[in-house]
Each structure stands twice: as structure tokens, then as C-alpha cells.
A.B. asks: 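First, the structure itself, so that you have it in front of you.
Just the heavy atoms: all of them, side chains too, but no hydrogens, waters or symmetry mates, feed the values below.
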Amino acid sequence: MFRRYFESLGAMPYAVDITCGHIDRLIKLTFGCHIDHLDTAAVIADDALFNKLCRIIMITEIRGMRQVDTLLQSFLVTSDHALTKIFKVVERDEPSHWMPYQAWLADHDGGKPRLSERVADSWVHASLVLAKLPLLFANPWLARRAGWQDEHDGAAPGDACLAGLPAR
């Protein structure tokens with residue numbers, strides 16, 4: 001949806017890296033390694049780590065839903081019919097991104113998000129909204145992407161970290 005939107009504008013999105021991604025930074029804070037280096041086999045094999053991953057995915061998706069609600073109240077979004085339409089679709093779809101995790105955690109005694117996970121989420125959100133994104137938009141030299149992410153998908157090279165331990 002966003003690709004079509006940017007194509008209709010005749011511009012590419014800004015070229016930003018994972019330091020602007022909520023889940024990327026939340027994984028780094030809670031597991032101690034980059035998302036692409038997370039040892040998923042170790043996470044799947046350990047109930048506590050799997051529950052932790054489910055909780056932070058749920059936290060991130062709920063945060064995204066709140067952000068969409070905020071965006072749909074913004075004049076910058078509501079003044080653009082195409083953008084409003086996109087965010088209405090996201091708004092309708094967003095609960096399906098976190099409700100299955102919430103249900104699974106409830107069914108498997110995975111618990112609710114821990115204080116440390118909520119603090120990490122709040123820190124990531126605040127740093128993005130109050131520092132990283134404003135600084136990006138204040139940068140007159142901020143480049144636009146040269147291509148679309150899905151044209152060259154693939155994980156970043158590197159050693160996988162053991163679940164919860166930083167990569168060496």
C-alpha cells in the first residue's frame with residue numbers, strides 16, 4: 001500500500017536504517033542482539049524466551065495500533081485521502097497482529113508484558129518520537145531510498161546470537 005502511495009507521489013521513502021525501527025530496537029534491548037542475529041531456534045526451544053518474544057511482538061503491535069489511531073487524528077494524514085485510506089486499512093488489520101500473541105500467551109501461561117519489557121518499549125517509543133524522527137526530518141541531506149526493500153530481501157550477514165546473549 002505504501003509503495004503504491006509513494007509511486008503516486010513520484011518519490012521514494014526516506015532511506016532510514018534499523019535504528020528507526022521499533023521492533024528492531026526492542027529486540028536489541030530485550031535480547032541483547034540485532035534482530036537478524038537472534039537465534040530463533042534457541043528461542044523456539046526455550047519456553048521463557050519464546051514467551052518473551054511473543055510479549056515484545058505483542059507490545060510492538062499494540063504500540064503500532066496506538067500510533068495509527070494518533071495518525072488518523074492528525075491533519076497531515078486526514079488531509080490526504082490516499083494516506084487516510086491506507087491507515088484505515090492498517091487500523092482494521094492491526095488487531096490481527098497482536099491478538100493471536102495475547103491469546104497464545106494467555107492459553108500457555110506466558111504472562112503479561114514484564115516491567116522491563118514495558119520500560120524498553122516506552123524508551124524506544126520516546127527516543128523515536130522525541131529525538132530520532134525529528135532529527136531525521138530536520139536533516140536537509142536525508143537521502144531517499146534507491147530501491148524497494150522487497151527487491152532485495154534477506155537477512156543481514158552475521159553470527160546468530162544465542163537467545164538473550166549478545167553476538168560476539
Side-chain angles (χ1 to χ4, degrees), residues 1-31 34-36 38 40 43 50-108 110-139 142-155:
M1 292 183 296
F2 285 104
R3 180 175 180 164
R4 195 158 110 204
Y5 175 76
F6 280 101
E7 287 172 343
S8 74
L9 293 178
M12 292 293 286
Y14 289 114
V16 296
D17 60 20
I18 62 169
T19 61
C20 295
H22 195 101
I23 188 67
D24 303 275
R25 297 187 64 226
L26 196 51
I27 291 280
K28 178 77 171 157
L29 284 173
T30 56
F31 283 92
H34 183 278
I35 192 170
D36 289 335
L38 189 63
T40 53
V43 170
F50 186 74
N51 289 340
K52 179 189 225 180
L53 182 60
C54 288
R55 287 190 305 267
I56 64 168
I57 290 170
M58 184 180 75
I59 288 171
T60 302
E61 294 296 341
I62 290 171
R63 170 75 64 193
M65 187 175 67
R66 282 191 238 131
Q67 285 305 117
V68 168
D69 290 342
T70 300
L71 288 168
L72 283 170
Q73 295 173 15
S74 165
F75 174 75
L76 293 172
V77 173
T78 58
S79 64
D80 184 325
H81 177 69
L83 208 47
T84 300
K85 201 170 172 184
I86 289 170
F87 281 113
K88 287 283 188 183
V89 169
V90 174
E91 177 187 44
R92 187 174 58 246
D93 187 52
E94 199 62 33
S96 71
H97 294 193
W98 62 268
M99 289 176 122
Y101 292 97
Q102 184 182 48
W104 192 92
L105 287 164
D107 290 346
H108 295 88
K112 295 190 183 294
R114 308 285 191 258
L115 177 60
S116 61
E117 295 159 354
R118 293 191 321 264
V119 168
D121 171 66
S122 294
W123 169 251
V124 168
H125 179 70
S127 66
L128 284 172
V129 170
L130 300 175
K132 288 190 177 272
L133 296 177
L135 288 172
L136 278 175
F137 288 108
N139 178 357
L142 182 60
R144 295 206 176 253
R145 295 185 61 86
W148 296 102
Q149 181 66 31
D150 58 357
E151 290 173 353
H152 45 78
D153 257 351

A.B. asks: Is the closest side-chain heavy-atom distance between Arg25 and Leu128 below 4.5 Å?
C.D. replies: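 Yes. Closest side-chain heavy atoms under 4.5 Å.
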A.B. asks: Crowded around Arg144 CZ? As in, over 12 foreign heavy atoms under 6.0 Å?
C.D. replies: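 More than 12 heavy atoms, drawn from other residues, nucleotides or ligands, come within 6.0 Å of this atom.
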A.B. asks: Mind checking what makes side chain to side chain donor-acceptor pair (under 3.5 Å) contact with Arg92, not counting sequence neighbours?
C.D. replies: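 Applying side chain to side chain donor-acceptor pair (under 3.5 Å) to Arg92 gives none.
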A.B. asks: Answer yes or no: is there a donor N or O on one side and an acceptor on the other, between the side chain of Arg114 and the main chain of Lys112, under 3.5 Å?
C.D. replies: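 Answer holds: yes.
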A.B. asks: Measure across Ile59 and Pro113 and return the closest heavy-atom pair with its distance rounded to 0.1 Å.
C.D. replies: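 Shortest heavy-atom separation between Ile59 and Pro113 comes out as CD1-CB, 3.5 Å.
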A.B. asks: Quick one: list whatever passes ring-ring contact (aromatic ring centres under 6.0 Å, His included) with Tyr14, sequence neighbours left out.
C.D. replies: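 Applying ring-ring contact (aromatic ring centres under 6.0 Å, His included) to Tyr14 gives Phe137.
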A.B. asks: Test of understanding: with ring-ring contact (aromatic ring centres under 6.0 Å, His included), list the residues that count as partners of Phe75, not counting sequence neighbours.
C.D. replies: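 None.
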A.B. asks: List in chain and number order the residues that pass side-chain contact (heavy atoms from CB on, under 4.5 Å) with Leu136, two or more places apart in sequence or in another chain; answer none if no residue qualifies.
C.D. replies: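 If we apply the side-chain contact (heavy atoms from CB on, under 4.5 Å) test to Leu136, skipping adjacent residues, the hits are Val16, Cys20, Leu133, Leu142.
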A.B. asks: Tell me every residue that passes side chain to side chain donor-acceptor pair (under 3.5 Å) with Ser96, counting only those two or more places apart in sequence or in another chain.
C.D. replies: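 Scan of Ser96 (side chain to side chain donor-acceptor pair (under 3.5 Å), adjacent residues dropped) gives Asp93.
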A.B. asks: Looking only at heavy atoms, what is the nearest atom pair of Pro95 and Met65, with distance?
C.D. replies: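 For Pro95 versus Met65, the nearest heavy atoms are CG-SD, 4.0 Å.
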A.B. asks: Please report the C-alpha distance between Gln67 and His125 in whole Å, then the side-chain angles of each, then the deciding distance to 0.1 Å, and finally whether the side chain to side chain contact (heavy atoms under 4.5 Å, CB included) criterion is met.
C.D. replies: CA-CA 10 Å; Gln67 285 305 117; His125 179 70; 2.9 Å; yes
A.B. asks: So, for Met1 and Ile86, which heavy atoms are closest and what is the spacing to 0.1 Å?
C.D. replies: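 Of all heavy-atom pairs spanning Met1 and Ile86, the closest is O-CD1, 3.6 Å.
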A.B. asks: Name all residues meeting the side chain to side chain donor-acceptor pair (under 3.5 Å) criterion together with Ser122; count only those two or more places apart in sequence or in a different chain, and write none if there are none.
C.D. replies: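 Residues passing side chain to side chain donor-acceptor pair (under 3.5 Å) with Ser122: none at all.
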A.B. asks: Side chains of residues 100-107: which donor-acceptor pairs under 3.5 Å do they make with residues two or more places apart or in other chains?
C.D. replies:
from: Trp104; atom 1: NE1; to: His108; atom 2: ND1; distance (Å): 3.3

A.B. asks: Provide the closest heavy-atom pair for Val124 versus Leu26 in the form atom of the first, atom of the second, distance.
C.D. replies: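 Distance-wise, the nearest heavy atoms are CG2-N, 4.1 Å.
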A.B. asks: How would you list, by chain and number, every residue that makes a salt bridge (charged side-chain N to carboxylate O under 4.0 Å, His left out) with Glu94, sequence neighbours excluded?
C.D. replies: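 Scan of Glu94 (salt bridge (charged side-chain N to carboxylate O under 4.0 Å, His left out), adjacent residues dropped) gives none.
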A.B. asks: How long is the span from the CG atom in Leu72 to the CZ atom in Phe87, to the nearest 0.5 Å?
C.D. replies: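 Here the rounded value is 7.5 Å.
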A.B. asks: Applying side chain to side chain donor-acceptor pair (under 3.5 Å), name anything that partners Asn139, two or more places apart in sequence or on another chain.
C.D. replies: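 Side chain to side chain donor-acceptor pair (under 3.5 Å) check on Asn139 returns nothing, list empty.
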A.B. asks: With heavy-atom distances below 4.5 Å as the criterion, would you say the side chains of Lys88 and Lys85 are in contact?
C.D. replies: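 No, side chains not in contact.
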A.B. asks: Which pairs count as side chain to side chain donor-acceptor pair (under 3.5 Å) when at least one residue sits in residues 70-84, sequence neighbours excluded?
C.D. replies: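 Non-adjacent pairs meeting side chain to side chain donor-acceptor pair (under 3.5 Å): Tyr5-Asp80.
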A.B. asks: Going by salt bridge (Lys or Arg N to Asp or Glu O under 4.0 Å), name the pairs with one or both residues in residues 56-70, residues two or more places apart or in two chains.
C.D. replies: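 For residues 56-70: Arg63-Asp121.
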A.B. asks: Before you tell me yes or no, could you show the steps for Ile27 and Leu53 under side chain to side chain contact (heavy atoms under 4.5 Å, CB included), namely the whole-Å CA-CA distance, both residues' side-chain angles and the distance that decides it to 0.1 Å?
C.D. replies: CA-CA 8 Å; Ile27 291 280; Leu53 182 60; 3.7 Å; yes
A.B. asks: Could you go through Phe50 and Thr40, starting from their C-alpha distance and side-chain angles, then the distance that decides it, and tell me whether this counts as side chain to side chain contact (heavy atoms under 4.5 Å, CB included)?
C.D. replies: CA-CA 9 Å; Phe50 186 74; Thr40 53; over 6 Å; no
A.B. asks: Mind checking what makes salt bridge (charged side-chain N to carboxylate O under 4.0 Å, His left out) contact with Arg3, not counting sequence neighbours?
C.D. replies: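 Applying salt bridge (charged side-chain N to carboxylate O under 4.0 Å, His left out) to Arg3 gives Glu7, Asp150, Glu151.
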A.B. asks: Pair Arg55, Thr30 - check side chain to side chain donor-acceptor pair (under 3.5 Å), show working.
C.D. replies: CA-CA 11 Å; Arg55 287 190 305 267; Thr30 56; over 6 Å; no
A.B. asks: Measure the CG-CG distance between Asp24 and Leu29 for me, rounded to the nearest 0.5 Å.
C.D. replies: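 Asp24 atom CG to Leu29 atom CG measures 11.5 Å (nearest 0.5 Å).
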